[in-house]
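Presented below is the structure to which this report refers.
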Amino acid sequence: MATCYRHPNRETGVSCSNCGRAICTDCMTPISVGMRCPECAKQRTQVRTASSLQRDPTVTYVLIAINVIVFIAASVGGGGLAGGVHGKLLNNLALDADKIKHGQEYWRLITSGFMHASLLHIGFNMYILYFMGRMLEPSIGRIRFLAIYFTALLTGAFGALLVTPHSLTIGASGAIFGLFGGAFVAMRARGFDPMQSGLGALILINLALSFVLSGISIGGHIGGLIGGAAAGYVLVDVGDRLSSPAIPLLACLGISAVAVAASIVASSSLVA
């Protein structure tokens with residue numbers, strides 16, 4: 001008969017279910033299955049909850065900060081926040097097919113996505129960006145989140161130039177629609193139903209508003225949605241099955257390059 005490891009003069013037929021050492025009745029700590037010795041009973045299994053696993057959406061906060069800073073700078077240049085976006089910043093940063101065609105000002109494809117026309121415009125976009133960022137960025141990681149955002153921003157710019165080449169276009173909504181598309185694909189790839197989560201309804205409502213409300217870049221929204229879905233597919237659906245994260249990122253870079261090239265061609269051919 002084995003003896004208790006703490007009391008050698010006591011025979012026992014019970015052992016610790018964790019370490020296997022023999023223990024007497026004075027040293028036993030009952031658990032759901034078996035007994036534990038005093039040392040093992042003091043150990044606590046680390047419990048990780050969904051909130052502890054969630055990382056802060058740092059990239060989302062940075063993107064929101066950049067948008068707000070640009071909006072304030074543009075508004076001050078136009079005579080105050082109430083005046084909206086005016087002046088040199090609008091002329092130099094907004095998406096303008098004519099300037100891209102004649103001046104090769106290709107930076108407008110990106111800078112236009114960080115400008116907004118009013119407090120309502122930036123407020124709505126930043127709220128949706130915050131909502132989507134908190135959901136998507138911790139799930140797929142900062143690099144992939146950023147890749148989806150900028151891929152959608154560029155495909156949204158192409159969509160805007162294709163549909164409304166003679167209009168100045170600003171706003172982050174193309175990139176935000178890309179987050180819709182990327183999140184939809186990512187959820188399906190990981191076994192969740194986007195329609196049951198409410199994401200599908202959110203996409204449909206915002207698409208409907210794009211056609212109903214005036215002054216909305218329909219091409220930018222649809223272009224961003226398609227680009228974000230494509231980026232989400234290569235980054236998450238395909239990327240989760242690959243050992244190297246570089247290949248999906250290169251694929252996103254390729255999609256972005258095609259969008260830039262198509263935007264230049266569209267600006268040159270559609271603007272008289």
Side-chain angles (χ1 to χ4, degrees), residues 63 66-67 70-71 74 84-87 89-118 120-126 128-129 132 146-182 184 202-232 252-272:
L63 290 172
I66 294 172
N67 277 277
V70 172
F71 176 73
V85 179
H86 300 287
L89 211 56
L90 174 65
N91 294 330
N92 292 332
L93 301 182
L95 189 64
D96 186 341
D98 188 65
K99 295 292 180 61
I100 294 175
K101 173 185 177 181
H102 295 293
Q104 291 82 44
E105 298 177 4
Y106 304 136
W107 64 79
R108 293 173 179 269
L109 298 172
I110 293 179
T111 57
S112 59
F114 291 92
M115 300 194 68
H116 293 84
S118 65
L120 179 63
H121 189 201
I122 190 171
F124 181 78
N125 277 348
M126 293 305 100
I128 298 297
L129 174 56
M132 292 301 300
L146 198 61
I148 291 176
Y149 190 90
F150 277 96
T151 300
L153 191 153
L154 291 170
T155 57
F158 167 63
L161 290 171
L162 189 64
V163 177
T164 53
H166 300 286
S167 301
L168 288 178
T169 304
I170 56 175
S173 52
I176 293 171
F177 264 83
L179 297 181
F180 287 156
F184 190 93
L202 182 63
I203 295 173
L204 292 175
I205 291 172
N206 279 276
L207 276 177
L209 291 176
S210 301
F211 288 93
V212 173
L213 299 178
S214 61
I216 301 295
S217 176
I218 298 173
H221 289 185
I222 295 177
L225 181 65
I226 294 173
C252 282
L253 186 61
I255 296 172
S256 300
V258 170
V260 171
S263 297
I264 296 171
V265 172
S267 299
S268 300
S269 60
L270 295 176
V271 177

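Please read these numbers as outputs of a predicted model, since none were measured by experiment.
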Quiz prompt | Least distance between heavy atoms, F71 atom then A117 atom | solution = CE1-C, 4.3 Å
Practice problem: Please report the closest heavy-atom contact between A172 and N67, naming both atoms and the distance. | Solution: CB-OD1, 4.0 Å
Practice problem: Please name all residues satisfying side-chain contact (heavy atoms from CB on, under 4.5 Å) with L120, sequence neighbours left out, ordered by chain then number. | Solution: S118
Practice problem: Working to the nearest 0.5 Å, report the span between CG of D96 and CG of L168. | Solution: 5.0 Å
Exercise. Check whether any side-chain heavy atom of I110 sits under 4.5 Å from a side-chain heavy atom of L154, and report yes or no.
Key: yes
Quiz item: With a 4.5 Å heavy-atom cut-off, do Y149 and L129 have their side chains touching?
Solution: yes
Exercise. Determine the minimum heavy-atom distance between G171 and H121, stating which atoms define it.
Key: CA-CE1, 3.9 Å
Exercise. For side-chain contact (heavy atoms from CB on, under 4.5 Å), just list the numbers for I100 and L95, CA-CA rounded to whole Å, side-chain angles, deciding distance to a tenth of an Å, and then say yes or no.
Key: CA-CA 8 Å; I100 294 175; L95 189 64; 3.8 Å; yes
Quiz item: Hey, what do you get for OG (S173) to CG (N206), rounding to the nearest 0.5 Å?
Solution: 9.5 Å
Quiz item: Closest heavy-atom contact between A231 and I255?
Solution: N-CD1, 4.4 Å
Quiz item: Yes or no on side-chain contact (heavy atoms from CB on, under 4.5 Å) for F158 and V258, after CA distance, side-chain angles and deciding distance?
Solution: CA-CA 10 Å; F158 167 63; V258 170; over 6 Å; no
Practice problem: Spell out, as yes or no, whether a donor-acceptor pair under 3.5 Å connects the side chain of S112 to the backbone of A94. | Solution: no
Quiz item: For S263 and L161, which heavy atoms make the closest approach, and how far apart are they?
Solution: CB-CD1, 3.6 Å
Quiz item: Does a side-chain heavy-atom distance below 4.5 Å link N125 with H116?
Solution: yes
Quiz item: Can you list the residues that meet the side-chain hydrogen bond (donor to acceptor under 3.5 Å, both in side chains) rule with T155, with sequence neighbours excluded?
Solution: none
Quiz item: Which heavy-atom pair separates L179 from M132 by the least distance, and what is that distance?
Solution: O-CE, 3.6 Å
Self-check item: Any side-chain heavy-atom pair of L63 and F114 under 4.5 Å
Solution: yes
Quiz prompt | Interatomic distance, I218 atom CD1 to L207 atom CG [nearest 0.5 angstrom] | solution = 10.0 Å
Practice problem: Report the residues that fulfil ring-ring contact (aromatic ring centres under 6.0 Å, His included) with F180, sequence neighbours left out, ordered by chain and then residue number. | Solution: F177
